[in-house]
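Every number for a ligand or one of its atoms is a count from 1 in the order of the listing. Residue numbers count from 1 along this sequence.
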Amino acid sequence: MIQLIRGFKDILPNEIELWKHIEQTAMMLFESFGFRQIRIPVLEKAELFQRSIGEHTDIVEKEMYTFPTSKGELITLRPEATASVVRSYIQQRLYAKDPIQKLYTIGPMFRKERPQKGRYRQFYQINAEAFGVSSPYMDAQLIFMLTVFFQRLSITGLKVHLNSLGCPACRPAFKRALSEMLMERSDALCSECIRRRGTNPLRVLDCKVPGCQEVVKNAPAITDYLCEDCARHFDEVKASLGRMDIPYEVSPRLVRGLDYYTRTAFEIQTDELGAQNAVAGGGRYDNLVEALGGPSQPAIGFAIGLDRLVDLALTKTRVPELPPDIFIAAMGEAARQKAFEWSCELGREGVKTEVDFSSRSLKALMKRANRLGAGHVLIVGDQELDQGTAILRNMRTKAQAQIEISGILSGIKGQLRAASDRQPYEDGQTNTPKPKT
Ligand code: ATP
Ligand code: MG
């Protein structure tokens with residue numbers, strides 16, 4: 001048997017309801033904050049990621065799936081979405097009509113990392129990017145929106161870690177100080193950090209090797225090096241979060257794994273997923289649009305790791321169940337033919353219908369209806385057909401009603417509606433969604 005590739009996975013139908021629920025929650029919420037969906041390709045020119053994420057980052061140095069085309073051009077399976085959204089903002093001139101564009105996208109990303117729990121080679125992200133606004137209110141609003149998103153999924157116990165990475169005016173001084181400090185600690189750094197401390201010392205702060213993390217504890221704090229503008233911006237982000245009662249922790253060693261960030265950087269962490277503790281991360285990238293050949297426009301965005309979020313949501317989030325409204329149990333060929341026609345018509349009208357076209361016994365059919373959690377079962381055999389009636393059984397109350405075969409569709413819809421009106425859940429939702437009429 002051919003197996004799937006290591007680090008890749010199937011997401012099966014019994015898991016999908018939760019994925020859909022999470023995605024729909026994000027879409028609805030983000031749209032209320034003025035975000036619109038964008039879909040970008042999974043393949044882009046390698047250069048796009050090299051230039052945006054940065055040459056000396058884990059992603060570009062070793063995690064990208066890059067292939068040559070037949071013409072020898074290097075293309076890459078996207079390791080993240082921001083670069084592509086920025087490319088699209090520039091290439092499609094989205095800024096021309098209105099430089100303020102708030103966009104979100106959902107889809108798979110690819111990184112050649114060592115597979116382990118919470119870390120896959122194809123994983124999924126929900127991304128949101130806001131272009132054209134430099135105000136710290138935007139930063140705070142994005143983080144606010146994220147916390148509401150997690151609340152809606154009943155996911156608690158998350159912590160917002162916040163930092164400012166400064167700007168090209170103030171960061172060089174910090175980099176120098178950090179680099180000097182790292183030079184003195186060569187003995188304790190991993191070989192990769194020794195190599196990088198000169199080219200990209202910020203990456204050392206992000207290294208997950210325990211020895212390096214120990215060294216980093218005594219590193220200078222970037223927040224001590226911010227220029228006046230960056231410091232004021234950071235203060236405003238913090239004050240605005242405070243105004244909306246969003247708890248956060250300033251983490252001066254938080255740098256994130258991508259080079260394009262400026263000013264605000266943040267990560268949302270949980271202590272319930274072991275080593276893979278980051279559920280979402282983001283930050284401002286005020287210079288990236290221009291660096292990639294677009295107009296000078298500020299921007300900020302974040303990515304939520306869907307796979308890790310689903311792991312958390314498994315035990316916390318209640319997904320509304322949508323069992324079939326009706327299961328048609330037909331016995332005999334004539335009845336099955338009717339069942340075929342009725343199920344087509346009911347499905348067309350949005351009544352969630354399940355039907356079994358096999359010639360099984362009533363007992364077997366009822367067992368299947370039960371397993372599916374069907375609200376009602378329509379029982380019809382050749383004998384019922386002759387009499388011009390069928391039996392509609394309410395699977396919760398066990399009440400049975402005779403229903404005329406002439407006009408059966410409106411009869412079924414009437415019964416379903418009546419049953420759903422009578423059986424509200426405590427939270428006011430009905431267990432059988434009302435069929436559209
Ligand atoms: P980590 O530090 O865990 O490697 P990251 O900083 O590389 O995460 P980002 O590039 O910021 O992650 O992506 C945002 C989110 O995407 C992360 O917070 C995480 O939830 C998720 N994510 C990143 N890489 C993977 C992966 N290989 N498998 C599953 N989820 C991932
Ligand atoms: Mg990573």
Worksheet item: Hey, are the side chains of Phe234 and Leu162 touching, using non-hydrogen atoms and a 4.5 Å cut-off?
Response: yes
Which protein non-hydrogen atom lies closest to [atom], naming both residue and atom, and how far is it?
atom: atom 8 (O) of ligand 1; value: Arg308 NH1, 4.4 Å
atom: atom 17 (C) of ligand 1; value: Ala278 O, 3.9 Å
atom: atom 7 (O) of ligand 1; value: Arg111 NH1, 2.9 Å
atom: atom 21 (C) of ligand 1; value: Gly305 CA, 3.6 Å
atom: atom 30 (N) of ligand 1; value: Phe123 CD1, 3.5 Å
atom: atom 28 (N) of ligand 1; value: Tyr120 N, 3.0 Å
atom: atom 27 (N) of ligand 1; value: Glu113 OE2, 2.7 Å

Fill in: Any side-chain donor near an acceptor of the partner, Glu63 and Tyr65, under 3.5 Å
no
Fill in: Any side-chain donor near an acceptor of the partner, Arg87 and Ser52, under 3.5 Å
no
Worksheet item: Which ligand 1 atoms are under 4.0 Å away from a heavy-atom of Ala303?
Response: 14 (C)
Discussion item. Within ligand 1, which atoms have a heavy atom of Gly118 less than 4.0 Å away?
Written reply: 28 (N), 29 (C), 30 (N)
Can you confirm whether more than 12 heavy atoms, excluding those of [X], are under 6.0 Å from its [atom1] atom?
X: Gln213; atom1: CD; value: yes
X: Glu228; atom1: CD; value: no
X: Phe357; atom1: CZ; value: yes

Worksheet item: Parallel, tilted or perpendicular: which describes the rings of Phe302 and Phe30, with under 30° parallel and over 60° perpendicular?
Response: perpendicular
Discussion item. With a heavy-atom distance limit of 4.0 Å, tell me whether Arg119 approaches ligand 1 through its side chain, its backbone, both, or neither.
Written reply: both
Worksheet item: Which bit of Asn277 gets closer than 4.0 Å to ligand 1, counting heavy atoms only: side chain, backbone, both or neither?
Response: neither
Worksheet entry | Ring center gap for Tyr89 and Phe131 short of 6.0 angstrom | yes
Worksheet item: Among Gln125, Lys117, Glu267, whose heavy atom sits nearest atom 16 (O) of ligand 1?
Response: Gln125
Item to complete: Using heavy-atom distances, let me know which of Gln276, Arg256, Glu80 sits nearest atom 9 (P) of ligand 1.
Response: Arg256
Worksheet item: Mind checking whether Lys208 has an N or O less than 3.5 Å away from an N or O of ligand 1?
Response: yes
Practice prompt. Kindly indicate, with the supporting measurements, whether the criterion side chain to side chain donor-acceptor pair (under 3.5 Å) is fulfilled by Ser154 and Thr317.
Written response: CA-CA 6 Å; Ser154 312; Thr317 307; 5.6 Å; no
